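Whatever order the structure lists ligands and atoms in, that order sets their numbers, starting from 1. Remember, predicted model here, so these are calculated numbers, not experimental data.
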Amino acid sequence: MTDDSIASEKWRPDTQEGGTAELPGAPGDVQEAVEALLDEVGVDTQPEPYLEASGLRGQIAIVTGGSSGIGRAVVLDLARAGADVAFCFLDDGAQSRLDAQSVARELRHLEVRCFFQACDVRESSEVKAFVRGAHETLGNIHILVNNAGIGRDRALWHMADHEWEAVVRTNLDGAFFFTRAVAPYLRAQEYGKIVNVASVHGVRSEFGLCNYAASKAGLIGLTKSAAVELGPRNINVNAVAPGYIRTTRLTDGVSPEVLDHAREESVLGRLGDPQDVSSTIMFLVSEAARHITGAVIPVDGGYLL
Ligand code: NDP
């Protein structure tokens with residue numbers, strides 16, 4: 001990519017270097033003994049100073065499918081942490097537009113900058129245009145959350161071509177298109193965090209999910225490959241694998257019997273909330289997770305155990 005607008009300067013989050021900690025309340029001789037021990041251990045074996053990011057102020061995040069459910073929770077948490085946020089949605093009806101406008105309003109109340117636009121993640125050209133628009137409006141991109149996803153469940157011997165394609169193209173191609181489009185920005189600044197929203201069904205399938213399970217297993221493969229290729233430029237790529245999460249997609253589209261079964265299968269005996277997934281994503285985009293990459297973190301109440 002030869003885009004002159006991509007800054008090639010290294011970027012680091014606002015940091016506070018941790019020095020040698022004073023032991024609060026420790027008597028002088030204990031403090032001295034600890035310092036003597038530290039001297040003995042030697043500087044070489046000490047960890048690198050921990051660079052603690054003070055929130056996400058100054059960072060710019062893109063969230064796909066940010067107008068509802070898990071994506072909406074992530075958009076709002078990123079903004080509460082101070083990040084400026086760009087989010088896309090499909091725009092498949094009036095409700096979809098109302099949802100997006102309502103999230104944008106909430107972002108304005110949180111006093112962060114915002115860019116939102118309909119963008120079909122299945123279309124590579126739309127994805128490129130969205131990322132260019134987000135960059136021109138907000139600036140360099142630091143965080144990408146590939147969240148947009150759908151399901152079209154059916155026994156595989158009845159599954160139509162269009163049902164297979166819609167799911168695989170949204171859940172897998174979409175994440176690839178976005179990752180490829182933001183990679184030049186993240187690589188140039190040698191900093192970035194990517195989180196893919198996979199699913200427990202990318203690890204263990206159930207009846208009627210061949211398209212969904214294949215797409216999410218593929219997304220886990222993409223996560224690991226991207227982690228390998230982008231890691232040398234200080235870019236972390238991870239996935240979360242939610243179990244059944246109470247979003248309208250789930251409560252409107254899944255039968256009560258399936259939800260009861262999901263509760264029984266979860267060790268904690270309950271469904272999750274969008275907030276449960278979002279807080280894990282917030283950890284993964286923070287400096288506290290700087291040494292985690294290529295990981296798939298279940299957020300499933302123990303469903304996979
Ligand atoms: P929702 O249906 O609530 O939200 C989906 C979001 O993705 C909406 O903003 C929707 O926009 C957008 N979207 C859908 N298709 C496209 C597309 N082609 N291009 C751009 N945006 C699109 O879903 P959830 O919050 O439940 O799910 C979010 C993610 O979490 C998905 O990847 C899903 O597979 C995953 N997941 C969900 C679980 C659950 O139990 N809810 C469990 C495990 C994983 P619009 O409203 O305009 O259509």
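- Taking each of Ser199, Ser68, Ser96 in turn, the one with a heavy atom nearest to atom 47 (O) of ligand 1 proves to be Ser96.
- Remark: the backbone N or O of Cys114 is not paired with any side-chain donor or acceptor of Asp84 at under 3.5 angstrom.
- Under 4.0 Å from ligand 1, not a single heavy atom of His201 appears.
- In summary, the atoms of ligand 1 found under 4.0 Å from a heavy atom of Tyr244, numbered by their order in the structure, are 40 (O).
- The residue among Val197, Val103, Val74, Ile245 with a heavy atom at the shortest distance from atom 30 (O) of ligand 1 is Val197.
- Atom CD1 of residue Ile62 and atom CG of residue Leu78 lie 11.5 Å apart, to the nearest 0.5 angstrom.
- Closest approach of Ala241 and Val296 over heavy atoms only: CB-CG1, 4.0 Å.
- Note on Arg169 versus Glu123: salt bridge recorded, some NZ/NE/NH1/NH2 to OD/OE distance being below 4.0 Å.
- Considering backbone and side-chain atoms together, Gly71 places no N or O closer than 3.5 Å to any N or O of ligand 1.
- When atom types are taken as modelled, the side chain of Ser205 and the backbone of His201 share no donor-acceptor pair closer than 3.5 angstrom.
- The protein heavy-atom contact nearest to atom 14 (C) of ligand 1 is Ile150 CG2, 3.9 Å.
- Distances from ligand 1 to the non-hydrogen atoms of Ala100 include no value under 4.0 Å.
- Considering backbone and side-chain N/O of Ile70, one or more are found under 3.5 Å from N/O of ligand 1.
- Protein heavy atom nearest atom 43 (C) of ligand 1, with residue, atom name and distance: Pro242 O, 3.4 Å.
- Within the structure, ligand 1 has Gly243 among the residues with a heavy atom less than 4.0 angstrom away.
- Below 4.0 Å from some heavy atom of Asp91 lie the following atoms of ligand 1, by number and element: 47 (O).
- Using modelled atom types, one side-chain atom of Asn236 and one backbone atom of Ile292 make a donor-acceptor pair closer than 3.5 Å.
- Asn147 O, 3.2 Å is the protein heavy atom nearest to atom 31 (C) of ligand 1.
- Ligand 1 places these atoms under 4.0 Å from at least one heavy atom of Cys119: 19 (N), 20 (C).
- Annotation for ligand 1: atoms under 4.0 Å from non-hydrogen atoms of Lys216 are 31 (C), 32 (O), 33 (C), 34 (O).
- Tyr185 and His135 have tilted rings, their planes meeting at an angle from 30° to 60° on a 0 to 90° scale.
- Summarising the contacts of atom 24 (P) of ligand 1 with Arg249, Arg122, Glu126, Arg97, the nearest heavy atom is found in Arg249.
- Inter-residue side-chain proximity for Val237 and Asn196 is flagged as met; some heavy-atom pair is nearer than 4.5 Å.
- The shortest separation from a heavy atom of Asp92 to ligand 1 is under 4.0 Å, placing the residue in contact.
- For atom 12 (C) of ligand 1, the closest heavy atom belonging to the protein is Gly65 CA, 3.5 Å.
- Both the backbone and the side chain of Asp120 come within 4.0 Å of ligand 1, judged by heavy-atom distances.
- Checked by atom type and distance alone, the side chain of Asp120 pairs as donor or acceptor with a backbone atom of Arg122 at under 3.5 Å.
- Residue Val121 has at least one nitrogen or oxygen atom sitting less than 3.5 Å from a nitrogen or oxygen atom of ligand 1, judged on distance alone.
- Close contacts between ligand 1 and Tyr212 involve ligand atoms 33 (C), 34 (O), 35 (C), 36 (N), 43 (C), 44 (C) [criterion: under 4.0 Å to a heavy atom].
- In summary, Glu106 and Arg80 do not engage in a salt bridge, as defined by a charged side-chain N under 4.0 Å from a carboxylate O.
- Checking Ser278 against Asp77 by side-chain atom types alone, a donor-acceptor pair falls below 3.5 Å.
- Using a distance-only test at 3.5 Å, with no hydrogens or angles considered, no donor-acceptor pair links the side chain of Asn147 to the main chain of Val197.
- The contact set between ligand 1 and Thr247, taken as ligand atoms under 4.0 Å from a residue heavy atom, comprises 24 (P), 25 (O), 26 (O), 41 (N).
- Nearest heavy atoms, Ile150 versus Ala166: CD1-O, 3.6 Å.
- Listed by atom number, the atoms of ligand 1 under 4.0 Å from Gly69 heavy atoms are 3 (O), 25 (O).
- Ring orientation note: the planes of Phe87 and Phe116 are close to parallel, at an angle under 30° on the 30°/60° scale.
- Of all atoms in ligand 1, listed by their number and element, those nearer than 4.0 Å to a heavy atom of Ser67 are 8 (C), 9 (O), 11 (O), 46 (O).
- Given atom 11 (O) of ligand 1, the protein heavy atom at minimum distance is Leu90 N, 3.3 Å.
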